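Note that the structure is predicted; figures quoted are calculated from it, not measured.
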Protein chains: 2
Amino acid sequence: MQTIEELLESKNIRVTAMRLLIYKFLAEKDVAVTLSDIENAFEKADRTTLYRTVKTFEEKDIVHQIDDGTGITKYALCEKGCNCEIETDLHLHFHCNNCKETVCLTEHKIPQIKVPDGFVSENVNLVVKGICDKCSGQ
Amino acid sequence: MQTIEELLESKNIRVTAMRLLIYKFLAEKDVAVTLSDIENAFEKADRTTLYRTVKTFEEKDIVHQIDDGTGITKYALCEKGCNCEIETDLHLHFHCNNCKETVCLTEHKIPQIKVPDGFVSENVNLVVKGICDKCSGQ
DNA sequence: CAGTAATTGCACTTCCATTGCATTGATAAT
DNA sequence: ATTATCAATGCAATGGAAGTGCAATTACTG
Ligand SMILES: [Mn+2]
Ligand SMILES: [Mn+2]
Ligand SMILES: [Zn+2]
Ligand SMILES: [Zn+2]
């Protein structure tokens, strides 16, 4: 089991207090978060730093970005052993119309989507909207 | 075959010159358009008017909104006989990474997506990205 | 203990979406 | 036809999120 420090180093990211804090914050959330969410959690830190930290994580395939259709970019930690480097995010995302939270359904891979002749599919963004398990009352 | 005027009236939208023009503009495009696209096509008109016209069309299920992940909202006419009122947009959308255009693949319906127990799927947004037929050279 | 490079904070910018309000225009009632 | 009423339009302004330039700070290297 590698520590967060080791993980960051393995991706050539310098370990800083800020980065450790943000990583831990993301790790303990089970939903995707917006930059504002992070901002609210670290009021003392500057928004730009949080922004750039997340971007760094994204570039190094530690987090992935989620566009759930709300117009606000969300972020979530990549699962261990994901292949973000190779292809984008194969799992699907669920956005709850009730609590407005977005979760990664990492076990649910995106099915093969057929496109018409002449079209070449490179990647797919799939967001299911509805009522999440917490809101459906089981 | 009903005229545009008749269509608008059937949806309880007052017929105005602006609305007819914008409808025709959308009708002759085979790709989804941004508000800026419309703005460029009607330089004399105010941006707000164009915005509100499109929003009106959207409310009345004449156009549907597309979030293709570019961060800019796009719009396209609903197909005749679509069921926007009942459920959202069952067809998939394709965004070309080369020409940056987004098209409705109205013939390609979104497959049934399985979600975990406790989750209720209400609708699905599916955007495929890649190379479109025009850009793939056939 | 320098010297260097990366990180952080602050200020500012850009872009798109959205709203308030005054004006214009169309429709309906008298 | 005239007026009252309500919707549509135009203009100005706002808000929110993403992104950038630069200076100050902090961490690493020799
Ligand atoms: Mn995810
Ligand atoms: Mn469409
Ligand atoms: Zn929920
Ligand atoms: Zn193309």
| request: Measure from CZ on B:R14 to P on D:dT5 and round the result to the nearest Å. | output: 15 Å
| message | Does D:dA18 have its OP1 or OP2 closer than 4.0 Å to a side-chain nitrogen or oxygen of A:T73? | response | yes
| said: Which nucleotide wins on minimum distance to the side chain of A:Y51, given the candidates D:dA18, C:dT19, C:dT7? | reply: D:dA18
| What is the distance from atom CG of A:L90 to atom NE2 of A:H64, rounded to the nearest 0.5 Å? | 10.0 Å
| message | Using a heavy-atom cut-off of 4.0 Å across all strands, would you classify B:K55 as base, sugar-phosphate, or nothing? | response | sugar-phosphate
| field | Between P of C:dT18 and CG of B:L50, the distance in whole Å | value | 15 Å
| query | How close or far is atom P of C:dG9 from atom CD of A:E43, stated in whole angstroms? | reply | 14 Å
| Whichever of B:Y75 and A:A45 has its nearest DNA chain C nucleotide further upstream toward 5' | A:A45
| field | Spacing of B:I38 atom CD1 relative to D:dT9 atom P, expressed in whole Å | value | 13 Å
| remark: From the candidates C:dC21, D:dA8, C:dG9, the one with an atom nearest any side-chain atom of B:R52 is C:dC21
| query | How about B:Y75 and B:F57: are their ring centroids closer than 6.0 Å? | reply | no
| message | Nearest whole Å is fine: how far is C:dT27 P from B:E9 CD? | response | 10 Å
| said: How many whole angstroms separate atom NZ of B:K44 from atom P of D:dT9? | reply: 16 Å
| query | Do B:T34 and C:dC16 have a side chain to base donor-acceptor pair shorter than 3.5 Å? | reply | no
| note | Side-chain contact check for A:T49: nearest option of C:dT8, D:dT9, D:dT20 is C:dT8
| Quick one: A:E5 CD to D:dC28 P, roughly how many Å, whole number? | 12 Å
| field | Closest contact, heavy atoms only, B:K114 versus A:L92 | value | O-CD2, 4.4 Å
| query | Expressed in angstrom and rounded to an integer, what is the separation of A:I72 atom CD1 from D:dG19 atom P? | reply | 14 Å
| said: Taking the nucleotide of DNA chain D with the nearest heavy atom to each, does B:D46 or B:T56 sit closer to the 5' end? | reply: B:T56
| task | Look at the side chain of A:R47 and the base of D:dG16, then say whether one donor and one acceptor between them are separated by less than 3.5 Å. | result | no
| remark: Paired with A:T102, the side chain to side chain donor-acceptor pair (under 3.5 Å) test is passed by just one of A:T70, A:D67, A:D68, A:T34, namely A:D68
| Stepwise side-chain contact (heavy atoms from CB on, under 4.5 Å) check, A:H93 with A:K74 | CA-CA 11 Å; A:H93 293 119; A:K74 294 185 179 167; over 6 Å; no
| query | Out of C:dT8, D:dA8, D:dT20, which nucleotide sits closest to the side chain of B:T16? | reply | D:dA8
